[in-house]
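Just follow the structure's listing: the first ligand is 1, and inside any ligand the first atom is 1.
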Amino acid sequence: MNRCLLVTGGAGFIGSNFVHYWCQHYPENRVVVLDALTYAGNRANLAKLEERENFRFVRGDICDRSLVEQLLQSENIDTIAHFAAESHVDRSILEPGAFVKTNVVGTYTLLEAFRQHWQINSKPAHYRFLHVSTDEVYGSLGPDDPAFSETTPYAPNSPYSASKAGSDHLVRAYYHTYKLPTIITNCSNNYGPYQFPEKLIPLTCINILMGKPLPVYGDGKNVRDWLYVGDHCSALDAVIHRGIPGETYNIGGNNEVENINLVRMICQLMDELAPSNLPVRPAENLITFVKDRPGHDRRYAINATKIKTQLGWTPSVTLSEGLRLTAKWYLNHHRWWQPLLSPDYQDYYQKNYIFS
Ligand SMILES: NC(=O)c1ccc[n+]([C@@H]2O[C@H](COP(=O)([O-])OP(=O)(O)OC[C@H]3O[C@@H](n4cnc5c(N)ncnc54)[C@H](O)[C@@H]3O)[C@@H](O)[C@H]2O)c1
């Protein structure tokens with residue numbers, strides 16, 4: 001089937017990886033990116049695609065109903081892959097308002113516009129609204145709790161996860177109320193190329209290259225389940241092509257690791273990959289514990305059995321392989337990340353981390 005996709009947030013980290021993935025695997029499909037280019041959006045992430053006939057970039061806000069309606073109609077969109085969001089927990093603690101607006105009101109705006117578009121076109125069966133969400137909606141696990149499954153009750157603890165939970169509920173309701181063919185995915189932490197420098201893995205790589213302290217929250221024993229972004233893209237491919245409308249699929253990497261151990265792994269990789277030009281060696285000497293994030297969830301873990309058994313998807317990249325690919329990418333892409341360390345970025349950094 002020759003799909004026509006609207007990818008919201010396609011200039012962000014996962015969105016741009018997904019657009020590259022899709023254009024490579026399905027070059028006959030048309031891809032339209034709608035992105036507001038907030039601090040986290042970067043058109044340069046898509047530079048290699050701009051010349052393609054089947055690709056279009058539109059700068060705009062998902063809350064702009066008339067723009068969304070006009071794009072759905074003029075581009076004859078049948079599939080929305082919805083990544084656009086305010087995505088950083090730390091920023092949601094400092095300024096929650098933008099999270100409610102984009103994540104809740106923006107998702108509602110897309111759902112309404114897509115519902116109208118689907119109805120006007122006589123409700124085609126192949127239309128899809130893929131809502132890309134997070135495992136953080138499930139709250140925090142104790143050390144021995146079973147991993148999150150699709151039936152785990154929602155218990156969001158941060159303004160970020162609460163706003164994503166709100167959007168998930170709306171997406172679910174549009175299926176149940178209108179039979180709009182929506183699908184939700186809840187994924188664990190992603191890492192890989194094009195991730196904005198303030199997130200843990202790029203922050204660690206970049207600060208090592210600059211010889212700056214590596215902030216680690218609290219005792220460093222918070223556990224996350226890490227997934228290489230390319231594996232997330234292949235999971236979303238499986239969901240768009242084979243997922244059942246109305247269903248939710250959890251996506252995870254089976255890679256639970258404590259933050260402090262993750263940071264140590266990256267330090268060792270950087271020592272090995274950039275031996276001659278590191279300002280501080282061993283890089284572990286830069287590790288600095290900082291005041292914990294308020295309400296910091298202790299552990300996330302994903303049970304990805306459903307997507308494995310029903311859609312045949314499993315991750316293909318191990319954590320050590322993925323970290324090596326990622327460390328090399330940041331090492332070789334100074335020109336991508338250096339301009340992102342702007343005064344705004346420094347301002348956020350100063351507000352967020354309390355070094356004792
Ligand atoms: N990063 C992760 O580890 C992770 C894990 C699970 C789920 N998710 C989800 O995946 C999605 C993408 O995450 P990411 O890490 O790529 O985020 P990101 O912050 O890197 O990118 C978000 C993109 O959305 C755009 N955007 C923000 N507000 C917008 C608006 N109002 N209108 C249009 N565009 C807007 C930004 O400009 C940016 O390009 C999010 O919905 C997030 O909740 C992320």
Side-chain angles (χ1 to χ4, degrees), residues 6-21 32-46 57-65 67-68 71 80-92 95 97-110 113 130-138 148 156 158-168 171 184-203 224-229 231-233 235-236 248-253 255 300 302 304 322 326 340 348:
L6 180 68
V7 181
T8 71
F13 162 48
I14 306 175
S16 62
N17 276 282
F18 175 81
V19 171
H20 281 284
Y21 172 98
V32 179
V33 168
L34 173 62
D35 197 298
L37 296 183
T38 66
Y39 78 94
N42 187 350
R43 197 164 170 176
N45 296 359
L46 302 168
F57 178 85
V58 178
R59 183 173 189 174
D61 193 324
I62 56 167
C63 298
D64 182 343
R65 173 86 180 257
L67 171 64
V68 174
L71 281 176
I80 293 186
H82 175 33
F83 297 87
E86 289 293 337
S87 70
H88 195 173
V89 177
D90 288 335
R91 285 188 186 251
S92 83
E95 287 174 29
F99 288 72
V100 175
K101 183 161 179 287
T102 288
N103 299 359
V104 182
V105 180
T107 302
Y108 156 75
T109 307
L110 288 174
L130 169 67
H131 178 63
V132 180
S133 192
T134 167
D135 60 355
E136 302 193 26
V137 297
Y138 298 122
F148 302 130
S158 72
Y160 164 64
S161 53
S163 65
K164 289 298 290 189
S167 65
D168 291 10
V171 174
I184 299 171
T185 55
N186 294 93
C187 187
S188 60
N189 282 35
N190 281 219
Y191 66 101
Y194 299 117
Q195 189 166 26
F196 193 74
E198 68 191 21
K199 300 277 176 84
L200 179 61
I201 290 179
L203 180 89
R224 299 292 181 263
D225 173 6
W226 292 93
L227 180 70
Y228 189 65
V229 65
D231 278 332
H232 190 183
C233 294
L236 297 178
T248 288
Y249 299 92
N250 280 358
I251 304 170
N255 283 313
Y300 304 137
I302 280 277
T326 306
L340 302 178
Y348 152 78

Checklist entry - Residues two or more places apart in sequence or in another chain: which of them pass side chain to side chain donor-acceptor pair (under 3.5 Å) with Thr8? => result His82
Checklist outcome for this item: Per side chain to side chain contact (heavy atoms under 4.5 Å, CB included), Val33 is matched among Leu46, Val58, Leu6 by Leu46
Show the short N or O contacts, below 3.5 Å, that ligand 1 makes with protein N or O atoms; if there are none, say 'none'.
from: ligand 1; atom 1: 3 (O); to: Asn190; atom 2: N; distance (Å): 2.8
from: ligand 1; atom 1: 16 (O); to: Phe13; atom 2: N; distance (Å): 3.3
from: ligand 1; atom 1: 16 (O); to: Ile14; atom 2: N; distance (Å): 2.7
from: ligand 1; atom 1: 17 (O); to: Ser87; atom 2: OG; distance (Å): 3.2
from: ligand 1; atom 1: 19 (O); to: Ser87; atom 2: OG; distance (Å): 2.6
from: ligand 1; atom 1: 20 (O); to: Phe13; atom 2: N; distance (Å): 3.0
from: ligand 1; atom 1: 31 (N); to: Asp61; atom 2: OD1; distance (Å): 2.9
from: ligand 1; atom 1: 31 (N); to: Thr102; atom 2: OG1; distance (Å): 3.1
from: ligand 1; atom 1: 32 (N); to: Ile62; atom 2: N; distance (Å): 3.0
from: ligand 1; atom 1: 34 (N); to: Ala36; atom 2: N; distance (Å): 3.1
from: ligand 1; atom 1: 37 (O); to: Asp35; atom 2: OD1; distance (Å): 2.6
from: ligand 1; atom 1: 37 (O); to: Leu37; atom 2: N; distance (Å): 3.4
from: ligand 1; atom 1: 37 (O); to: Thr38; atom 2: N; distance (Å): 3.0
from: ligand 1; atom 1: 37 (O); to: Thr38; atom 2: OG1; distance (Å): 3.1
from: ligand 1; atom 1: 39 (O); to: Gly12; atom 2: N; distance (Å): 3.0
from: ligand 1; atom 1: 39 (O); to: Asp35; atom 2: OD1; distance (Å): 3.2
from: ligand 1; atom 1: 39 (O); to: Asp35; atom 2: OD2; distance (Å): 2.6
from: ligand 1; atom 1: 41 (O); to: Phe83; atom 2: O; distance (Å): 3.0
from: ligand 1; atom 1: 41 (O); to: Val132; atom 2: O; distance (Å): 3.4
from: ligand 1; atom 1: 41 (O); to: Lys164; atom 2: NZ; distance (Å): 2.6
from: ligand 1; atom 1: 43 (O); to: Tyr160; atom 2: OH; distance (Å): 2.6
from: ligand 1; atom 1: 43 (O); to: Lys164; atom 2: NZ; distance (Å): 3.1

Checklist entry - Would the His88 and Tyr348 ring centres measure less than 6.0 Å apart? => result yes
Item to check | Test item: side-chain donor near acceptor, Tyr300 and Glu136, under 3.5 Å | outcome: yes
Checklist entry - Asn190: what forms a side chain to side chain donor-acceptor pair (under 3.5 Å) with it, not counting sequence neighbours? => result His232
Checklist entry - Considering residues at least two apart in sequence or located in another chain, which fulfil the side chain to side chain donor-acceptor pair (under 3.5 Å) criterion with Asn103? => result Ser163
